[in-house]
Amino acid sequence: MPDQLVFAMEVFLNGLMAGVLYALVALGFVLIYKASGIFNYAQGVMALFAALTLVGIMEGQVPFSHLINAVFGTDVHHFGWHMPALVSILLTMAVMVFLAWAVNKLIFNHLVNQEPIILFMATIGLAYFMEGFGDIMWGADIKKLDVGLPQGINIPIDETTYGWFGYGFFIDNLDIVATVIAAILVVALVIFSQYTKQGRAMRAVADDHQAALSVGISLNFIWVMVWSLAGFVALVAGIMWGTKSGVQFSLSLIALKALPVLMLGGFTSIPGAIVGGLIIGVGEKLFEFSVGPLIGGATENWFAYVLALIFLVFRPQGLFGEKIIERV
Amino acid sequence: EVTFSALSYRTGPYAANGIPFADGYQDYFTLLNERDGGIGGEKINLVECETGYNTEKGVECYESTKGTGALVYQPLSTGITYQLIPKATADSIPIHSMGYGRTSAKNGEVFRWVFNYPANYWDGASIAIKHLLDINGGDLSGKKVALVYHNSAYGKEPIRTLEELAKKHGYELSLLPVDHPGQEQKSQWLQIRRDRPDYVLMWGWGVMNQVAIQEAVNIRFPMENFIGIWWSGSENDVKPAGDGANGYKALTFHNFGTNYPLFDDLKTHVIDKGLAAGAGDQVGTVLYNRGLYAAMLAAEAAKTAQGIHGVTAITPAQMRDGMEALEMTEAKMAELGLPNFGPEFSVSCQNHGGNGFGAVGQWDAAAGEWKMITDYMQSDQDVLQPLIEADSAAYASENGITAGCN
Amino acid sequence: MLDASEEGYVTEDGRKIGGVLMEMKNITLRFGGVKAITDISFDIREGEIRAIIGPNGAGKSSMLNVISGFYVPQEGEVWYKGKKRPPMKPYQVAQLGIARTFQNIALFEGMTVLDNVMTGRLNYMKTNLLQQAFWKGSAEKEETANREVVEKVIDFLEIQSIRKTPVARLPYGLKKRVELARALAAEPSLLLLDEPMAGMNVEEKEDMSRFILDVNDEFGTTIALIEHDMGVVMDLSDRVVVMDYGKKIGDGTPSEIRSNQAVIDAYLGVAHD
Amino acid sequence: MLYREAGDFKTSYVEDSQTFPIKFDRYRYYFVLVFAFAIVPFVINDYWVNAIFMPFLIYSIAAIGLNILVGYCGQVSLGTGGFMAVGAYASYKLMTAFPDVNIFFHIIAAGGITALVGVLFGLPSLRIKGFYLAVATLAAQFFLVWLFNRVSWFYNYSASGQINAPERSVFGVEVTGANTEAWATYLFCLVFTVACAIIARNLTRGAQGRKWMAIRDMDIAAEIIGVDPLKAKLSAFAVSSFFVGIAGALFFAVYLGAVEVGEAFGIQKSFLVLFMVIIGGLGSIFGSFAGAAFLVLLPVLLKNTLVGALGWPTDLAAHLEFMIVGALIIVFLIAEPHGLAQLWRVAKEKLRLWPFPH
Amino acid sequence: MLDAAETQTETLLEVNNIEVIYNHVILVLKGVSLKVPKGGITALLGGNGAGKTTTLKAISNLLASERGEVTKGNIQYRGERVQDLNPSDLVKKGVIQVMEGRHCFEHLTVEENLLTGAYTRGSSKSEIDADLEMVYNYFPRLKERRRSQAGYTSGGEQQMVAIGRALMSRPETILLDEPSMGLAPQLVEQIFDIVKSLNESEGYTFLLAEQNTNVALRFAHYGYILENGRVVMDGPAKELRENPDVKEFYLGMSDEGRKSFRDVRSYRRRKRWLS
Ligand SMILES: Nc1ncnc2c1ncn2[C@@H]1O[C@H](COP(=O)(O)OP(=O)(O)OP(=O)(O)O)[C@@H](O)[C@H]1O
Ligand SMILES: Nc1ncnc2c1ncn2[C@@H]1O[C@H](COP(=O)(O)OP(=O)(O)OP(=O)(O)O)[C@@H](O)[C@H]1O
Ligand SMILES: CC(C)C[C@H](N)C(=O)O
Ligand SMILES: [Mg+2]
Ligand SMILES: [Mg+2]
C-alpha cells in the first residue's frame, strides 16, 4: 500500500516538471527585461501568436481568410498543403524575426531612453494589438497542435517506480521533453549573455540606453536580436503549451503563471527563471497536495505568488536578480 | 418586423465555443427569413452584440440592444444572466438561459421573466447520476465520484444537488476545483490518479475542458467513466486529445449531427446562398446545433405568442406569454424538420424550466462525431423540486417579490 | 590660531564658533571587502564651516551618509549635541535638524521647484490625513505658513523665476541651487553639502559661495562641506578634514592643511597658491 | 493666443495653491460641474448611464485611487481587482447585515475596510520595489479572489457564490436593485466621484502629496530629508485602497447589481485599471479621468461605429477594436510618453504660445 | 601638436548655425556654429544651461533620445553631413562622446564597462586586451576596482570609467562633456594631461565642454563661449585667457589677481554679453 510519502514524491517530481514549463514562459520575459529594461506584457500574446502561426503554416491555413471572405465575398480557407513540422517551425521563426523587426521599428525605436513604466505601457499597447491581430489573421477557434512531441505517461518510469514502491509514478513525456529543451535553452542563453560581446552589449543597453548609444552600440540591432530571441522562446513555450491544451486564446494567459517565477528568480537572471520555476512548481503542487484539501483546493494560483512574496521579503531582487543599487 | 438579439462571444477566452453557438443561432433565423419570410410573416431582425463572455460588456450589450425591441435575450453566460435577471425583470423583457444561468429561475412564480427550459444544471447533475445508476444496476453505494469543476458560480451549481444525491444513493463525492482559465490541472489529475474515483464528472468551459480531457488521457483514466456537462461536450473539447479521448461522455439536451431535414433546407436557403454566419465552417457541430436549437425554441415561442395575442409584431411582454405557453411535442419538431432532435417538454407559469430531460452522448474518435447512447431521461424531481423551491423563496424574500402567477 | 577649547573659538574674521555640535568617534565602514572608512574621528563645532576633502573614492560621501544615518558603520559612535546618537533611521536623523544635499543631485524630478523646496518643510507640517483631505482650515493654514518660510528661502537663493518649473528641465547648476533651497527650508542646525559646486563655472561658484556664507552668517547654521575646488575650500572653511583611502590624513585650518606634506602628496598634488 | 494665463496674478499663497490657479481653467471646471449635476440627469437614459456614465464614473474613482498609489507614491500595484472585491463584498455584508443604515454609509465603510486590507497587503512594499512589488501585489489579487470564492460566509452561503445587491434607497430614491432610475444611479455615483476627486486633489497638493511624490521620485533621498517611508507608503496604500474599495462597492451595488468575484474582480480588472492610470497619466487626477474615459468609451465608440454604423460582423469589429486601441496607445505614447494628461499639458503650452511656434 | 596660431589645418567637424528644440517647444540652441580642426583641442565654455551639452549631443546624434531635434543648420564631419546617421555609425566613423554625469552601466563591472567601449571594433582579443592595459595604465585606480560593479564605485571612479570606455573605441575624435566634474584637483590635472598626451602622441581630436574654464583654457587651443544658446565669443585659447571679460566671469580674476571666494558677498556682476 503506497503511503503519503510516495505520493508526495510523485507530486514533487510533477511539480518540478510543471515548473520547467512555467520557466519556459518566464525566460522570454527575462530576455527582454535584461536587454532593455522592458517588462514585456505582450510575452504571453507572443507565445499565442507564435503557436497560431505555426499551426496555420502547418495546416496551410489562409491568413486573414475571415477578413478576406468578409470583404470580397470569397470563400477561401486553406491552401491545401501540409507542411512538415520542422519547416513550419523555421518559417514561424522567420515570422517572429519579422515581428521583432517591426516592433522595434514601429515602437521602441521611438521610445529610446524613456522610463521603464512607459516602455511597459508600450508593450500593453502591443499586447492589445497582437491579440486582435492574431485573431483576425488565424481565427479564434481551437487548433490542435502536433509537431510530433510524445505525450502521455512515461511507461518506463511508471514501471520502475511501481517496482520500487508498488505505485507507479506519473510523469508526462511532454514534460520530459520540455525539461530537456529548457535546459539546453538556459545553458545557451547564459553563455550568450554572460560571455559574448553581444550579450554584454545587451546588458549595457538595459542599464542606460543613452550611454549605450554613445559608445556605439546599435539599439536597433540589439533590440531586434533580443525580441527575436524572445520570439523564439515564445515559440518554444507556445509549442509546449499548445500541445498540452490546443492552441487558442487562453494560451496568452500562461504569462500569469510566469510572473511569480520571474519575481522569485529575479527579472534579470536566466538561471533564475529556471530555478524560480522549479521552486514555484514544486511549492504550489506540494501545497495543493498537503494543505489544499483542508482549505478547499484551487490554491495554486495564489500560493505561487505568496511563495514568491515570502522569498522577496528576504531578497528583494529575487534569488538571482541583480542587486538593486541604492546610493545617494 | 420582429427583433431578436444575440449576445454572442466570438472573441476572448471562450471564443472557440461562442462562435459555433452564435453561428447556429443566426443561421436558423436567416433560414426562417429566407425560406418562410420570417415568423408569421414578420421578417426577423437579428442584432448581434459581442460580449466576450464579459459581464460588463454584457450589460453594455443589453442596454444598447434593448432599445431595438429585442424579444428575448440569450446571454450564453451564467454571469451575464445573473446580471440581467433584475434588469430584464424591471424592463419586462424575457431571458432564456438555456441549460445554464440561475437554476431556481425554473420557478416562474418568482422569476416571471426568466426561462431556462429544457434543462438546467441541477437536472444535469441528476441525469449524470442517473446514468451512473443505470450502468451500475441501480446501485452506487460505496462508489467514488469526483467532480472537477470550473471554480466559479457556474461550476459550483451542481454541488448542492450532487451532495443531496450522494445522501440518497450512498456514493462518496469529492470536489476538485480548477481556477480560470484551467491551463494547469496537474494537481487535480494526480489526485484523481491516487484516489482512483470510479467516476469523474466535469463542469468545465473553454480551455479547461481540453486540458482535463488531455490529462485524463495522460493518466489513462477510463474515458467511459468520465462524464461532462453539456458545456463540456463539444468537438472542441475532445479533438485536441486525439484518439485518446475516444469514449468520453457528455450530457446533452438535443441531438447531434446534420442528419435532419432541416439541414437540407439550411443548405439550400442559407449556406449555398453564401448567407451562413461567421466562417460557415461550424455547421453540424454540437454547439452549432445547440445555437440552432435555441433559435428554434425562440421562434416557436414567438409563433405561440403571435397565436395567443393575434398580432404578428409582438412585444417582449407578449413574447413572454408565448414562452410561458410553449409546448414542444415530437410532432411539432418533426414538422420543423428536426424529428427526435430534442426532448418533449412544456412550459407553464409554475415551471419555466421544462421537464428536465437530458441524454448522454459519447465521443467516437474514429468517426470524429458524437453519438447519443441513451434516451432522454428525466432528472430526479423529488430531490430537485424542494431545492428549487427553497432557493427561489430565498430570492423572493430578499428582493421583496411576492410569488404567484399574475 | 585655533583655540579648541570646549566653549569654542573666534575665527580670523571675527566669527564666534561654539562648542562641539557633532562628533564622529572611530568610525569604520565596510562594504563587503571594500573598506570605505577606517577608524576616523573628527568633530564639527557649532557655527563653523567644516570642509571634508580627499581624493576620489576616499570615503567622503560615505562619511556624510554615516552622519545622515543612511550607512550604518560597523564600528564607531556618532555624538550629537553632547549625546551619543542611538541607531537611527535616516528620517529620524533629519528630524534632529540635519539637512543635506547630494553629490549626484537627488531632487524629486517629477515635482516643481516649489514643491521640492516645500518637501524641506515636511517635518514642520503636522496636520493629519483627514485634515488634509478637507483642506480648508488647518491644512490650508499650515500650508500657507510654511509657504511663507519657503518663499523666503526662494528669495534668498534667487530662484523666484523658476518656482513653478518642473526640476527635470533645469540645468545642472540651478538644480544644485534648488537642492540647497530644499535643505535650507528645513532650517537645519547642521547642513551637509556634498560637492555643491561641482560642474559650475567660477561665476556660479561665487554665487554659491555667497549663499553658503550668508546661511552660515545669518542663520548661524553649521555647515559640513565636501568640495574638490581647493580655492573654495581654502577660502570658505574654518577647519578641514582630509581623507585618503578611508583614512584620515589631516585635520586643521586651511593654512595648516595647505602645508601638510601628507595632504600634498595624496591630494593637492602641487601646493596651491 | 487661444489659451491665456498672462495677466492672471495672485496676491496670496492661498490663491496660488488652489486647484485651478488659472481663471480660464477654473471656469471650465465650474462649467463641467454644473453640466454634470444640473443638466445631464435630465437628459440621460438607461443606455447612457449603464453603458457609459456608470462605468466611467466608477472606473474613474478606481483610477484615482490607483493613481495615488502608482502615480503619486510610485508603488506599482496589480491588486486593484482584489481590493475592489473587498469593497464589493464588504458593502454586500454591510448591506445585508444592517439593512436600515443608509447605503451611503455602507459604501464609505466598505472603503474603510478596504483601506485596512490595503495597508496589510502594502506591508511588503517596505522591502520590495518596482516591478517586483507589482508582481507581489498579485498575491493579494489572487488570494483575495480565492478567499471570497471559497468562504461562503462572504456570500451569505448562496448556492452559486454570487452576491446580489438588495434594493436600497437614498432619500427615498432607489439606487440599487432592479427598479432604479437612470438619473438616480448616475447622481449617486457622480457624488462619490466628485468627492473622491476633490479629496484626492486635496491630499496630493499638500504635505501628504509631497511625501508620496518624494518617495516616488527618489525614495532614499526622501528618507534622508525626513520622510518616514513606512508611513508614507502605508498611507498611500490606505488612501488608494479606500478609493478602490468605494469603486468596488459602487461597481457591485449600483452598477452591476450582481457579481461573481472571479469574473468581475479578476486579474483583468487589475490590469485594466492600471492601464487607465498609465494611459491617462501617472500622477494626475485629470489623467485618471482621461484614462478611464479612454478605456471605457473608446471600445464602445469603436463598436458603435464599426458594428452600428458600418455594419461589420461583430467579431471582426471586436478584433479590430483591440488592434485600434492597442495602436492608439502606442501612437499616443510616441507622441507623448507621459500619458494623456501630459499630452493635454503640452497642447496647452502650445496654445499659450499660439500662433508663435516658440 | 597644434599651435594656437596655426589655423589653417583641415577642419574635421563643422557645425553650421544649428538650432535645437526640445519637446517641440523649448528652443535651446539659437544658431550655434563652430569648427573643430583636426588634431586640435577645442573647448566649449559657458555657464549652466548655456547649451554645451546640447551642442555635443546634437553632434553625436543623441538628441532624438531626449525628444530634442536639430531644426535648422547642419553638422558635417569630414565634409560629410552626419546629422542623419545613427549614433553607432558615428562611432564607427570615429566620433565618440563621453557623456556628462558619467553614465556608467551600473550593473556591469568596471572591466565590462570598458569592454563595451570596444563594441564597434572588429579587433582581435589581444588588441583589445592591450588597450585595456593602456586604460589601466592611465587609471590605476580602475585596475584595483575592475571586478566591482560600476554602480558601487565613487563619483570620480565612474568618471574614469566613462573616459576609459571612450578610449577603448580607439576614436579619432572625442567629445568630452565636463570631464573634470567631481574630480579631485590632481586628477583633473591628470585627466587633462592624458587628453593632452593623447592629442599629441596619438593625434586624437578633442571637443570638450567645460565649466572649469581655467583648466580648459590652459589645455585647449581654441575656445568658444556659449551663452543662452548662442556663441558669444570665440578665439584662440591664449587670447581668450587674456580677455578681461573672460577673466572676470570665467576665471574669477579681477585686476588684482584671483579674488577670494569670501569676498564675493558684496559683489554683483556688472554686465553680460547678452541678456
Ligand atoms: N554602497 C556601497 N557599496 C559598495 N561600495 C561602496 C558603496 N558606497 C561607497 N562604496 C565605495 O566606497 C569608497 C568610498 O566612496 P565615496 O563615495 O564615499 O567616495 P568619495 O570620497 O565621496 O569620492 P568622490 O570624490 O569620487 O565622490 C569607494 O571606493 C566606493 O566604491
Ligand atoms: N531633455 C530636455 N528637455 C527640455 N529641456 C532641456 C533638456 N535638456 C536640456 N534642456 C534645456 O536646455 C538648456 C541647455 O542645456 P544644456 O544641458 O545643453 O546646458 P549645459 O551648457 O550643458 O549646462 P551645464 O553646464 O549645466 O551642463 C537648459 O536650459 C536646459 O534646461
Ligand atoms: C455556455 C455557458 C453558458 C456555460 C458557461 N460556463 C456558464 O454557465 O456560464
Ligand atoms: Mg563623493
Ligand atoms: Mg552640460
Side-chain angles (χ1 to χ4, degrees), chain B residues 6 8-12 15 18-19 22 47-50 52-57 59-64 66-67 77-91 102-104 150-157 159-161 177 179-180 277-278 387 390-391 394-395 398-400, chain D residues 45-52 54-55 58-59 96 142 145-146 149-150 152 155-167 176-180 182 251 255-264 266-269 272 296 299-300 303-304 307-308 313-319 321-322:
Chain B
S8 58
Y9 37 98
R10 294 169 181 276
T11 63
I19 291 169
V47 275
E48 193 167 339
C49 187
E50 170 70 36
Y53 198 76
N54 170 304
T55 42
E56 288 154 67
K57 279 202 201 152
V59 171
E60 198 267 332
C61 275
Y62 170 78
E63 295 291 348
S64 69
K66 85 179 183 198
S77 144
T78 297
I80 298 178
T81 308
Y82 269 84
Q83 233 79 173
L84 295 189
I85 287 175
K87 290 197 190 337
T89 305
D91 295 333
R102 183 164 195 141
T103 299
S104 58
H150 196 266
N151 198 5
S152 67
Y154 151 64
K156 286 191 232 170
E157 281 279 345
I159 295 176
R160 191 173 286 183
T161 312
D179 267 337
H180 167 89
L387 293 179
D391 194 67
Y395 182 83
E398 235 177 70
N399 291 278
Chain D
N45 63 13
D46 267 3
Y47 176 72
W48 277 90
V49 169
N50 287 325
I52 297 187
M54 264 209 277
I58 294 170
Y59 277 121
T96 48
F142 283 103
V145 166
W146 178 84
N149 202 354
R150 191 66 247 142
S152 15
Y155 45 86
N156 287 355
Y157 309 99
S158 79
S160 60
Q162 292 253 5
I163 54 174
N164 288 284
E167 296 188 348
T176 67
N179 302 309
T180 52
F251 191 80
Y255 174 37
L256 289 183
V259 300
E260 180 194 341
V261 62
E263 217 280 332
I267 172 75
Q268 296 310 326
K269 192 111 306 164
L272 182 67
V296 170
V300 174
K303 193 190 85 170
N304 288 346
V307 180
T314 53
D315 54 339
L316 271 186
H319 295 150
E321 196 184 297
F322 269 101

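Residue numbering restarts at 1 for every chain, and letters A, B, ... go by the order of the sequence lines.
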* Asked: Do the non-hydrogen side-chain atoms of D:Val259 and B:Thr55 ever get within less than 4.5 Å of each other?
  -> no
* Asked: Do B:Val59 and D:Met54 come within less than 4.5 Å of each other through their side chains, counting heavy atoms only?
  -> no
* Using non-hydrogen atoms and a 4.5 Å limit, figure out which bit of B:Thr89 sits close to chain D: side chain, backbone, both or neither. => neither
* Asked: In terms of heavy-atom pairs under 4.5 Å, which option from B:His180, B:Arg160, B:Glu60, B:Arg102 contacts chain D the most?
  -> B:Glu60
* Step by step, work out the side-chain hydrogen bond (donor to acceptor under 3.5 Å, both in side chains) result for B:Glu56 and D:Tyr59. => CA-CA 12 Å; B:Glu56 288 154 67; D:Tyr59 277 121; 2.4 Å; yes
* Structure fact -> CD of B:Glu48 to CG of D:Asp315, rounded to nearest 0.5 Å, is 7.5 Å
* **Per-residue contact mode, B:Glu157 against chain D (heavy atom under 4.5 angstrom)** => side chain
* Structure fact -> Smallest heavy-atom separation, D:Gln162 atom then B:Thr78 atom, equals NE2-O, 4.4 Å
* Structure fact -> Cut-off 4.5 Å, heavy atoms of chain B, and the answer for D:Phe251 is side chain
* Sub-3.5 Å donor-acceptor pair from the side chain of D:Lys303 to the main-chain atoms of B:Glu50, do we have one? -> no
* Euclidean distance, D:Asn179 CG relative to B:Lys87 NZ, rounded to 0.5 Å -> 11.5 Å
* Asked: Got a sec, which residues hit side-chain contact (heavy atoms from CB on, under 4.5 Å) with B:Asp91, two or more places apart in sequence or on another chain?
  -> B:Tyr62, B:Lys66, B:Ile93, D:Asp46
* Asked: If you count heavy-atom pairs under 4.5 Å with chain D, which of B:Gly79, B:Ser64, B:Gly67 comes out on top?
  -> B:Ser64
* Structure fact -> Note: D:Ala258 and B:Tyr82 closest approach over all heavy atoms is CB-O, 3.9 Å
* Between OG1 of B:Thr11 and CZ of D:Phe322, what distance do you get to the nearest 0.5 Å? -> 6.0 Å
* **Listed partners of D:Glu260 passing side chain to side chain donor-acceptor pair (under 3.5 Å), at least two apart** => none
* Just wondering, do D:Asn149 and B:Lys156 contact through their side chains at under 4.5 Å, heavy atoms? -> yes
* Heavy-atom closest contact (B:Asn399 atom, D:Ala165 atom, distance) -> OD1-O, 4.5 Å
